[in-house]
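What follows is a single structure, written as structure tokens, with notes after it.
Side-chain atoms are counted along with the backbone in the values below, which use heavy atoms only and exclude waters and symmetry mates.
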Amino acid sequence: MNSELITHRDPKSPISEVFKTLRTNLQFMKHKDESISLLVTSTMPGEGKTWVTSNLGIAFAQSDKKVVIIDSDMRKGRLHNVFDTKIFPGLSNYLAEDKKSIKDYLIKTEMENLWIIPAGNVPPNPSELLSTERMLQGLEELKRSFDVILFDSTPCMLVTDAVIISRIVDATMIVSSHKLTKMENLKTVQKNIENVGGKIAGVIINRIPVSLKKYKSKYYYYGERSKTEDVSQENNSSRIHQEEVTYVEENDYEQIAEGEQEDSNQNRQQKSKKKQEQDEIMEQIDQYLDDNK
């Protein structure tokens, strides 16, 4: 089993609980019996969008929702690697065909209630294929069979594929990474999506360390801004859910103990400095979200 699929490998871990929280928040975007379509994108490569999409899809499937994840990155898609399936035929093949149904390209995963559609063969014109009526028809067909449709898309700063898809889905989530994502890029992505009529559900930030030595693996989730009608009736302001998450492997406890004993005054000062840097980053994100309520 791929180690990236933490929500399946360890469904009771703190990281899995974060994805369940995100799942719960997103479910308020639609009425109970309606399907929901979501796009997951990032500003640049390497920010964790495929990891987020995969684990969020599993979290939805664990709640008895029928879920399909579509790899719409027909240039460098890697969803097939995460779920250990073939890469083609897939989305590009469906869009280039005129006869087959999009359901013909579904691949059942080992997780209950979860299917994927891989990227398919690399086409010469991915953006043009996504702009066709056939893409919209395929999405409408999937809505009749699935409760949740997730698109794992391309980075927005490199190509327009994700912006094109954002027009036809219910909402878009932007995945960013600590010390990698630039604030100006984040604002540019938001502007590009909203300019074509897309809706931003929220921003997810990962890879923010919460401690230097206490934990081996560190993740930070900075939740979701819900813009749904039902939620806005209760509170017109943006709802921000903030949660700190850690994951410790069993074999690491001895190393952790040794590391804590070696802490010096200099190390503690470094920790304090890094904590201040993290707080400053989160203050910038707070201000960014407040400015765009």
Side-chain angles (χ1 to χ4, degrees), residues 35-50 52-54 56-57 67-83 85-107 115-146 148-176 181 185-201:
S35 64
I36 181 173
S37 57
L38 298 166
L39 169 70
V40 181
T41 186
S42 61
T43 64
M44 299 294 289
E47 293 175 316
K49 60 181 178 57
T50 299
V52 169
T53 310
S54 302
L56 180 59
V67 182
V68 56
I69 306 176
I70 304 171
D71 192 342
S72 55
D73 186 349
M74 294 179 285
R75 307 166 191 266
K76 292 185 178 181
R78 56 180 295 269
L79 194 67
H80 63 287
N81 288 330
V82 174
F83 288 95
T85 67
K86 58 185 179 181
I87 188 174
F88 55 81
L91 180 62
S92 64
N93 304 93
Y94 161 74
L95 294 174
E97 297 266 351
D98 290 328
K99 299 179 180 179
K100 289 187 176 183
S101 163
I102 194 169
K103 292 183 180 180
D104 294 330
Y105 299 92
L106 290 168
I107 298 177
W115 286 257
I116 72 165
I117 296 178
N121 300 86
V122 179
N125 55 343
S127 299
E128 287 76 8
L129 287 177
L130 291 171
S131 302
T132 61
E133 184 69 19
R134 189 159 169 79
M135 181 69 254
L136 184 58
Q137 292 172 352
L139 177 58
E140 292 301 319
E141 185 177 357
L142 291 174
K143 285 183 177 181
R144 292 191 288 269
S145 301
F146 290 91
V148 181
I149 301 144
L150 298 174
F151 285 87
D152 179 24
S153 191
T154 56
C156 275
M157 295 298 295
L158 299 184
V159 290
T160 62
D161 298 16
V163 176
I164 293 171
I165 299 174
S166 71
R167 300 180 302 174
I168 63 174
V169 296
D170 295 317
T172 297
M173 290 180 294
I174 306 173
V175 177
S176 58
T181 304
N185 289 346
L186 191 62
K187 292 179 179 179
T188 299
V189 169
Q190 180 197 17
K191 181 179 179 181
N192 291 342
I193 290 174
E194 292 181 342
N195 281 347
V196 299
K199 296 180 180 179
I200 306 294

Q. Taking only residues two or more places apart in sequence or in another chain, which ones pass side-chain hydrogen bond (donor to acceptor under 3.5 Å, both in side chains) with S145?
A. K103
(Q) Going by the rule salt bridge (Lys or Arg N to Asp or Glu O under 4.0 Å), which residues pair with E128 if we only count those two or more places apart in sequence or in a different chain? (A) none
Q: Not counting sequence neighbours, which residues clear side chain to side chain contact (heavy atoms under 4.5 Å, CB included) with S54? List them please.
A: L5, T50, L79, V82, F83
Q.
Please enumerate all residues that pass salt bridge (Lys or Arg N to Asp or Glu O under 4.0 Å) together with D152, with sequence neighbours excluded.
A. K49
Q: Could you list the residues that satisfy side-chain hydrogen bond (donor to acceptor under 3.5 Å, both in side chains) with D161, not counting sequence neighbours?
A: R75, S127
Q. Among side-chain atoms of T154 and D73, is any donor-acceptor pair under 3.5 angstrom?
A. no
Q) With sequence neighbours left out, what residues match S131 under side-chain hydrogen bond (donor to acceptor under 3.5 Å, both in side chains)? A) none
Q | salt bridge (Lys or Arg N to Asp or Glu O under 4.0 Å) against R167, all qualifying residues, sequence neighbours excluded | A | none
(Q) Just to verify, what does Y105 make a ring pair (Phe, Tyr, Trp, His ring centres under 6.0 Å) with, not counting sequence neighbours? (A) none
**Q.** T53: side-chain hydrogen bond (donor to acceptor under 3.5 Å, both in side chains) partners, not counting sequence neighbours
**A.** none
Q: Please identify each residue that fulfils salt bridge (Lys or Arg N to Asp or Glu O under 4.0 Å) with K143, with sequence neighbours left out.
A: E140
Q.
N81: which residues meet the side chain to side chain contact (heavy atoms under 4.5 Å, CB included) condition with it, sequence neighbours left out?
A. R78
Q) K86: what forms a side chain to side chain contact (heavy atoms under 4.5 Å, CB included) with it, not counting sequence neighbours? A) P89, I107
